[in-house]
Structure formats: structure tokens, C-alpha cells
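Report on the following structure.
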Number of protein chains: 2
Amino acid sequence: MNIGEVSHRSGLPAKTIRYYEDIGLILPLRDANGYRAFRESDLHKLRFLGRARALGFTIDDCRALLALWEDKGRASSEVRKIASAHLTAIQTKITDLQLMHATLSHLVDCCAGDDRPDCPILHSLEAPA
Amino acid sequence: MNIGEVSHRSGLPAKTIRYYEDIGLILPLRDANGYRAFRESDLHKLRFLGRARALGFTIDDCRALLALWEDKGRASSEVRKIASAHLTAIQTKITDLQLMHATLSHLVDCCAGDDRPDCPILHSLEAPA
DNA sequence: CCTTGACCTTCCCGTTGCTGGAACCCCCAT
DNA sequence: ATGGGGGTTCCAGCAACGGGAAGGTCAAGG
């Protein structure tokens, strides 16, 4: 399989796949002409990576998860630990964003948004309530 | 005012303040010795920037908001437009994160997290339900 | 007067996870 | 032979800074 087909079948851009090889997440073979020769197992890994990334895992998380995935004798507690830590991080982000949203939507509600120069949003940025 | 004092009074790291000058958000004067000489107005701007950044506005947003802030005759609708667009972006992020959180917390709940090798989290990354 | 230590300066590299582009090679069909 | 659509490498850049080196400056203390 060339990179184009793998890209198509994994849903990842070719650039991303090359990058993943660069940082050692995958190690495709090479044809005589220098083209990357992907095995089915490479494709599986790439799909795995795509799903993990879509869940917001960092590349380093992915590296660890991939290693655990390959390690048939691993304990599921390891995986669960990574996932739980990630869950906490996600929750923190959500809370932060919700706070931002509340503050800002309050300001937007206060703002007439017409052609007058008086703007409560700017006032608040100037000195918070 | 030297950068240390401004840093203290604005709550922004000195590095960040220098960066903001670099990209043209502020333009402090200079003393004979080359030290930056900040006016009160620079401090006000930096506080403004700090608050806007804390609300998640991008640097480009901040640049626009700062210009509107300085423009005494501006219409508040301009500000409101920027803020509303930002609100939408925040909401999108929140929704994405909530989806991630739901998916992942379901997986974590399914995972025994013990020393057995069978792990539903990895299974799901392998091939989604 | 000299030193010490806290401050300030510029500059350059590293971060995260890619993305775009240039310059080049390869293969197949016309 | 030529054209188009693969592929390859490397280099640069995004956001928004942070770390750290190498050096200039200033005020206080011995």
C-alpha cells in the first residue's frame, strides 16, 4: 500500500502519516523506489491513532496507548489511568470554557450593539466588575 | 516604570509584555539606557489585554478590540460582533469537549481497570462501536 | 573603588501537531 | 517525449509564548 491509499483508508492526511513516522509512531517498510510500503498492521495503527486523537489524547498519550495496545499482556489499569487523567483534563477545560462563556455572554447581553460608542464589553475589559 | 513593575502591576510575565511589544500591541518609550519606559496608559492597555486573553480572545481579536477601545467614536456593534463570534467559538469547543468526555467516560466506566489484559478502551480505539 | 546581586537588554531555540510549499523523482498512458 | 498524477525530502510557519544564554546597568555594601 502506498501512502495515498493508506491516507484514504485511514482518513488521515498523507502529511500527518509522514509526521507520525517522523516521530516514531509507525515504521512502514520501503519499496525499492523509496516509496513507503504500508502493511495492514500499519493501517490498523493509523486508525487507532486517528480515533485516539479524535478523543483528544495527546501524541504522547497515543504513544503510550499504542504501546499498551501492542503489549498483549498489559494490565487494563494502565490504560484506564491514562484515560482517567485525560478525562480530568477535559473536564477542567470544559469548566474553564463555561466560565468564559458565562462571563462573555453576560457582557454581550448588556451591550446594545448599535451605533453608539458606549460599550459595556469594553468597559468591563477596562476594569472588571 | 520599568518592565518589572509593569509586570507586577499588570499580572503579565515580562516575557509576555516584551512579546506584545514585538507584535505591535503596545509601544512603550525607552530610557536613555535602553530600558523600556512604560506610561500609565501602557499599563492600562496591558491590563486590558490580560483580561481579554483571559476570556479566550485571540491576539488578533485583542488587536481589534484594542483599536476599538482607543477609538472613542467607535460603534459598540463592532465590539459586540467580535464578542459574539468568540462566544460561538467557545460554545463549539464546549460541545466538542462534552462529546469527548461522554464517550471517554463511558469507556472508562466499562473498563475494569484491574490487572487483566482485556480492556474495552483499547477495543474501542481499535474499532469504534 | 570594587563587587555583588538584582534588574534590564537582545537573540535564538523549543513547545504542539501538524500544514503548505519548493524542488525533485517515478511511473504509466498517450 | 510528454503530461499528469503519484511519490520523496527538507524548510518554513502557525499561536502565544517560555527557557536560557550572553551581556549591559544600577544601587547598595564592604
Side-chain angles (χ1 to χ4, degrees), chain A residues 1-38 42-43 45-46 48-66 85-86 89-90 92-93 96-97 100, chain B residues 1-38 42-43 45-46 48-66 82 85-86 89-90 93 96-97 100:
Chain A
M1 257 187 295
N2 282 347
I3 201 168
E5 188 182 343
V6 174
S7 168
H8 184 73
R9 292 178 60 189
S10 68
L12 296 173
K15 277 275 189 188
T16 300
I17 297 173
R18 293 199 191 95
Y19 173 66
Y20 286 171
E21 180 185 3
D22 249 29
I23 62 174
L25 286 178
I26 53 168
L27 193 59
L29 303 175
R30 293 285 179 153
D31 279 341
N33 57 12
Y35 286 20
R36 287 170 183 80
F38 295 87
D42 295 315
L43 178 57
K45 278 197 200 179
L46 287 170
F48 181 97
L49 288 169
R51 293 199 191 96
R53 293 285 302 131
L55 283 174
F57 284 103
T58 65
I59 291 285
D60 265 1
D61 284 340
C62 289
R63 200 185 296 277
L65 289 172
L66 206 48
H86 185 43
I90 291 176
T92 301
K93 276 188 197 166
D96 285 356
L97 286 172
M100 275 187 207
Chain B
M1 253 186 298
N2 281 347
I3 201 168
E5 188 181 343
V6 174
S7 168
H8 183 73
R9 291 179 59 188
S10 68
L12 295 173
K15 276 278 189 186
T16 299
I17 297 174
R18 293 197 191 97
Y19 174 67
Y20 286 172
E21 180 185 3
D22 248 28
I23 61 173
L25 286 179
I26 52 169
L27 193 59
L29 303 175
R30 292 287 178 152
D31 280 339
N33 57 12
Y35 285 20
R36 288 171 181 81
F38 295 86
D42 294 317
L43 178 57
K45 277 196 201 180
L46 287 169
F48 180 97
L49 288 169
R51 294 198 189 97
R53 293 285 302 129
L55 283 174
F57 284 103
T58 66
I59 291 285
D60 266 1
D61 284 340
C62 289
R63 200 186 296 277
L65 289 173
L66 207 48
I82 295 175
H86 185 42
I90 291 176
K93 276 190 197 166
D96 284 357
L97 286 171
M100 275 187 207

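In the text below, chain A, chain B and the rest are named by the order of the sequence lines, each starting its count at 1. Keep in mind that the numbers below use all heavy atoms, side chains included, and drop hydrogens, waters and symmetry copies. This is a predicted model, so every value here is computed, not measured.
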Main-chain N/O of B:Glu21 paired with B:Arg36 side-chain donor or acceptor, under 3.5 Å = no
Rounded off to whole Å, could you give me the OH-to-P distance for the B:Tyr19 and C:dC12 pair?
-> 17 Å
Among the candidates C:dC18, D:dG7, C:dC8, find the nucleotide nearest to the side-chain atoms of B:Asn2.
-> C:dC8
Choosing from C:dC18, D:dC17, C:dG20, which nucleotide comes nearest the side chain of B:Thr16?
-> D:dC17
Write down the distance between NE2 (A:His86) and P (C:dT16), rounded to a whole number of angstrom.
-> 15 Å
N or O in side chain of A:Arg36 less than 4.0 angstrom from D:dG6 OP1/OP2 = no
Compare side-chain N and O positions of B:Tyr35 against OP1 and OP2 of D:dG24 and report whether any pair is under 4.0 Å apart.
-> no
Any side-chain N or O of B:Arg63 less than 4.0 Å from the OP1 or OP2 oxygen of D:dA16?
-> no
Would you mind reading off the distance between B:Ile17 atom CD1 and D:dA16 atom P, rounded to a whole angstrom?
-> 17 Å
Does B:Asn33 have a side-chain nitrogen or oxygen under 4.0 Å from the phosphate oxygens OP1 or OP2 of D:dC26?
-> yes
Would you classify A:Tyr20 as touching base, sugar-phosphate or nothing, given that sugar-phosphate means primed atoms plus P, OP1 and OP2, and contacts are heavy atoms under 4.0 Å?
-> sugar-phosphate
Starting at CD1 of A:Ile23 and ending at C1' of D:dC10, how long is that distance when rounded to a whole Å?
-> 17 Å
Just to confirm, is there a sub-4.0 Å distance from OP1 or OP2 of D:dA16 to any side-chain nitrogen or oxygen of B:Arg18?
-> no
Looking for any heavy atom pair under 4.0 Å, which part of the strands does A:Ile3 touch: base, sugar-phosphate only, or nothing?
-> sugar-phosphate
Nearest-angstrom distance from the residue atom CG of B:Asp61 to P of D:dA16 = 9 Å
In terms of heavy-atom contacts, A:Thr58 and A:Arg53 come closest through CA-NH1, 3.8 Å
Once you round it to whole Å, what is the distance between P of D:dA16 and CG of B:Leu12?
-> 14 Å
Separation of D:dA16 P from B:Asp60 CG (nearest whole Å) = 8 Å
Would A:Leu12 and A:Tyr20 count as a side-chain contact (heavy atoms from CB on, under 4.5 Å) if you check the C-alpha gap in whole Å, the side-chain angles of each, and the deciding distance to 0.1 Å?
-> CA-CA 10 Å; A:Leu12 296 173; A:Tyr20 286 171; 4.1 Å; yes
Check whether any side-chain N or O of A:Asn33 sits under 3.5 Å from a backbone N or O of A:Tyr35 as a donor-acceptor pair, and report yes or no.
-> yes
Base D:dG20 paired with B:Lys15 side chain (donor-acceptor, <3.5 Å) | yes
Taking CD from A:Glu21 and P from D:dG7, how many angstroms apart are they, rounded to a whole number?
-> 14 Å
Measure across A:Leu97 and B:Ile90 and return the closest heavy-atom pair with its distance rounded to 0.1 Å.
-> O-CG2, 3.6 Å
